[in-house]
Amino acid sequence: QKEVEQDPGPLSVPEGAIVSLNCTYSNSAFQYFMWYRQYSRKGPELLMYTYSSGNKEDGRFTAQVDKSSKYISLFIRDSQPSDSATYLCAMERTTDSWGKLQFGAGTQVVVTP
Amino acid sequence: GAVVSQHPSWVICKSGTSVKIECRSLDFQATTMFWYRQFPKQSLMLMATSNEGSKATYEQGVEKDKFLINHASLTLSTLTVTSAHPEDSSFYICSANKGNYGYTFGSGTRLTVV
């Protein structure tokens, strides 16, 4: 079983809709949670970086962390065709694995005009 | 912000030759940088941690003699793929951390070995 599970999609939504993405994890040692956006043949771009359980909002993006359920989510409001990309969740254990991010498989999102 | 620059963005080399990839932190100093590899349709896998002024630490299964890492300054880490073979063809990406900005990734290098 993988430490981080993420549905690879593809997830197709119409322009303007809310995109809902999520990851589950099995290791309770993960303390930091990140969401990245990756366009084809490009490096990942950091969207959200969170530590504690709860919500964090930044523009059209909202990240949720539920440590008790080992479940994280990313919501994208008012989606645009330019949001079409692969979204990766990533997690970090800080005690003995600083900097060693564990990534999900990535979810491909397609926003149709 | 935090900017990480990676060069080249793509390279084609002949089997048996070596290729060097550079990773630079442009607006901050990075004592530690990280090198990842990504195969098509797959996620990123950490290869090694690059430490300024000391030896890199490699993840299990990564050949340190094939993937040479040098972190000679606080803003530059290099990854050299030695005696490259077609199975080394992949997308190589570096990252660094700037405090509360989290981990910033370079734009990646697509290596094709023919």
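What's counted below: heavy atoms across the whole structure, side chains too, no hydrogens, waters or symmetry copies.
By the 6.0 Å and 45° rule, A:Lys67 stacks over the aromatic ring of A:Tyr51.
Residue A:Gln38 touches chain B through its side chain alone, counting heavy-atom pairs closer than 4.5 Å. Looking at B:Gln38, the atoms closer than 4.5 Å to chain A (heavy atoms on both sides) all sit in the side chain, from C-beta outward. Contacts of B:Leu44 with chain A are made by both backbone and side-chain atoms, with heavy-atom separations under 4.5 Å. Of the atoms belonging to A:Tyr32, not a single heavy atom falls under 4.5 Å from chain B.
In this pair, B:Tyr103 and A:Tyr49 present their aromatic rings perpendicular. The plane angle is above 60°, beyond the 30 to 60° band. In this pair, B:Phe67 and B:Tyr92 present their aromatic rings tilted. The plane angle is within the 30 to 60° band.
Note on B:Phe105, B:Trp10, B:Phe91: by heavy-atom pairs under 4.5 Å with chain A, the leading option is B:Phe105. The choice from A:Gly106, A:Pro8, A:Gly104 that makes the most heavy-atom pairs within less than 4.5 Å of chain B is A:Gly104.
Residues A:Met48 and A:Leu21 share a single hydrophobic cluster, defined by chaining ILVMFWY side chains whose heavy atoms lie under 4.5 Å apart. Note on A:Val13 and A:Leu47: same hydrophobic cluster, where clusters join Ile, Leu, Val, Met, Phe, Trp and Tyr whose side-chain heavy atoms are under 4.5 Å apart, directly or indirectly.
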